[in-house]
Amino acid sequence: MNEEEIISIFYSKSHFEAYKILITLAENGNAVAQYFLGSMHLSPIDQTIEINKDKGFMFLKIAAKNNHIPALEYLGNIFAYSNLVESNPQKSHTYFYLVALKQNSTDIGYHQIIEDEFKLSQAEIKESIEVALECMKKNFDNCYLFN
């Protein structure tokens with residue numbers, strides 16, 4: 001199933017109905033389905049799925065490991081702007097820096113907005129970049145952001 005079909009399922013059905021379809025795709029490695037399942041668990045649109053942060057983060061992290069850039073962006077936004085977790089701008093920066101690394105554009109990106117908006121110190125930025133580089137080197141395996 002392609003991305004457009006998955007998006008259509010997500011928006012045209014209740015989350016309960018979509019979940020039954022997407023879970024099989026996600027279990028078979030479909031990163032788009034994993035992303036939407038994570039989203040459903042963290043910020044459900046309807047009342048058919050309850051918030052479940054553990055499942056939500058699990059699906060988003062799996063999608064990110066499967067190179068789904070929107071999952072990395074979602075994780076970055078959560079740690080900067082969501083009330084689901086305690087704000088952690090440095091962790092947000094790391095997720096957004098991973099996006100920049102994946103897109104070969106570290107000279108521009110949301111990580112810079114986080115630096116400016118949250119006034120990260122040079123030490124925090126350096127540590128964040130080092131963590132992101134180490135995660136990339138390990139292909140996200142044994143990276144604390146994805147455990």
Side-chain angles (χ1 to χ4, degrees), residues 1-118 120 127-147:
M1 187 168 292
N2 68 34
E3 185 171 359
E4 288 178 7
E5 292 169 320
I6 292 170
I7 291 169
S8 176
I9 288 168
F10 179 79
Y11 287 109
S12 68
K13 300 186 179 297
S14 75
H15 276 185
F16 180 75
E17 293 172 307
Y19 192 93
K20 291 189 294 186
I21 297 167
L22 297 179
I23 191 69
T24 302
L25 296 170
E27 288 171 347
N28 288 320
N30 186 301
V32 178
Q34 293 160 347
Y35 167 79
F36 278 109
L37 288 172
S39 171
M40 289 165 74
H41 280 293
L42 293 176
S43 55
I45 293 172
D46 62 32
Q47 302 302 315
T48 63
I49 300 285
E50 291 186 19
I51 290 176
N52 184 321
K53 290 193 289 188
D54 290 337
K55 282 186 178 181
F57 280 110
M58 177 195 73
F59 281 117
L60 285 176
K61 289 176 181 181
I62 292 169
K65 282 183 175 183
N66 287 325
N67 294 310
H68 192 64
I69 298 296
L72 286 169
E73 293 170 334
Y74 197 125
L75 289 163
N77 278 312
I78 286 172
F79 285 98
Y81 305 112
S82 174
N83 61 0
L84 289 171
V85 296
E86 185 176 334
S87 180
N88 189 330
Q90 188 176 6
K91 189 179 273 191
S92 172
H93 182 275
T94 306
Y95 282 117
F96 282 125
Y97 198 80
L98 283 166
V99 170
L101 287 170
K102 290 274 188 188
Q103 296 176 333
N104 294 316
S105 63
T106 56
D107 57 336
I108 188 168
Y110 288 113
H111 62 284
Q112 292 173 323
I113 293 170
I114 298 298
E115 290 171 14
D116 294 340
E117 185 173 341
F118 293 95
L120 295 181
E127 181 181 346
S128 174
I129 290 170
E130 288 171 357
V131 168
L133 291 170
E134 187 65 23
C135 287
M136 288 288 286
K137 181 179 174 183
K138 295 178 178 181
N139 200 28
F140 298 166
D141 292 326
N142 298 318
C143 171
Y144 87 94
L145 292 173
F146 297 95
N147 293 334

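If you read the sequence from its start, that first residue is 1, and numbering goes on from there. FYI, side chains are in, hydrogens and waters are out, and symmetry mates aren't considered; it's all heavy atoms of this structure.
- You'll find the side chain of Tyr35 reaches within 4.5 Å of the side chain of Tyr74, heavy atoms only.
- Side chains of Tyr110 and Asn77 form no contact here, defined as non-hydrogen atoms less than 4.5 Å apart.
- Of all non-hydrogen atoms in Ala71 and Ala64, the two that sit nearest each other are CB-N, 3.7 Å.
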*Verify side chain to side chain contact (heavy atoms under 4.5 Å, CB included) between Glu27 and Ile23, making sure each step is shown before the conclusion.*
CA-CA 6 Å; Glu27 288 171 347; Ile23 191 69; 3.7 Å; yes
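- Leu60 and Gly38 get closest at one heavy-atom pair: CG-CA, 4.0 Å.
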_Working note: Phe57 + Leu75, criterion side chain to side chain contact (heavy atoms under 4.5 Å, CB included); need CA distance, chi angles, decisive distance, verdict._
CA-CA 8 Å; Phe57 280 110; Leu75 289 163; 3.7 Å; yes
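- Between Ser128 and Leu120, every side-chain heavy-atom pair lies at or beyond the 4.5 Å cut-off.
- The shortest distance between side-chain heavy atoms of Ile6 and Asn2 does not fall below 4.5 Å.
- Note: Tyr19 and His41 meet the aromatic proximity criterion, with ring centroids under 6.0 Å apart.
- Classified by interplanar angle (parallel below 30°, tilted 30° to 60°, perpendicular above 60°), the ring pair Tyr95/Phe79 is parallel.
- Residues Glu117 and Tyr81 have side chains in contact (heavy-atom distance under 4.5 Å, counting atoms from C-beta outward).
- Side-chain rings of Tyr97 and His111 approach one another, their centers coming within less than 6.0 Å.
- From Ser92, atom OG reaches atom CD of Glu73 across 11.0 Å, with rounding to the nearest 0.5 Å.
- Using a 4.5 Å heavy-atom threshold, the side chains of Ile21 and Glu17 count as separate.
- Cation-pi geometry between Lys102 and Phe140 is satisfied (NZ or CZ under 6.0 Å from the ring centre, within 45° of the ring normal).
- Here Ser14 contributes atom OG and Ile49 contributes atom CD1; the two are 7.5 Å apart, rounded to the nearest 0.5 Å.
- Side-chain contact annotation: Thr94 with Tyr144, donor-acceptor N/O pair under 3.5 Å absent.
- To the nearest 0.5 Å, atom SG of residue Cys135 and atom NZ of residue Lys65 are 10.0 Å apart.
- For His93 and Phe118, the gap between ring centers reaches or exceeds 6.0 Å.
- The minimum heavy-atom distance linking Asn30 with Ala33 is given by the pair OD1-N, 2.9 Å.
- A distance of 14.5 Å separates NZ in Lys61 from CG in Asn66, rounded to the nearest 0.5 Å.
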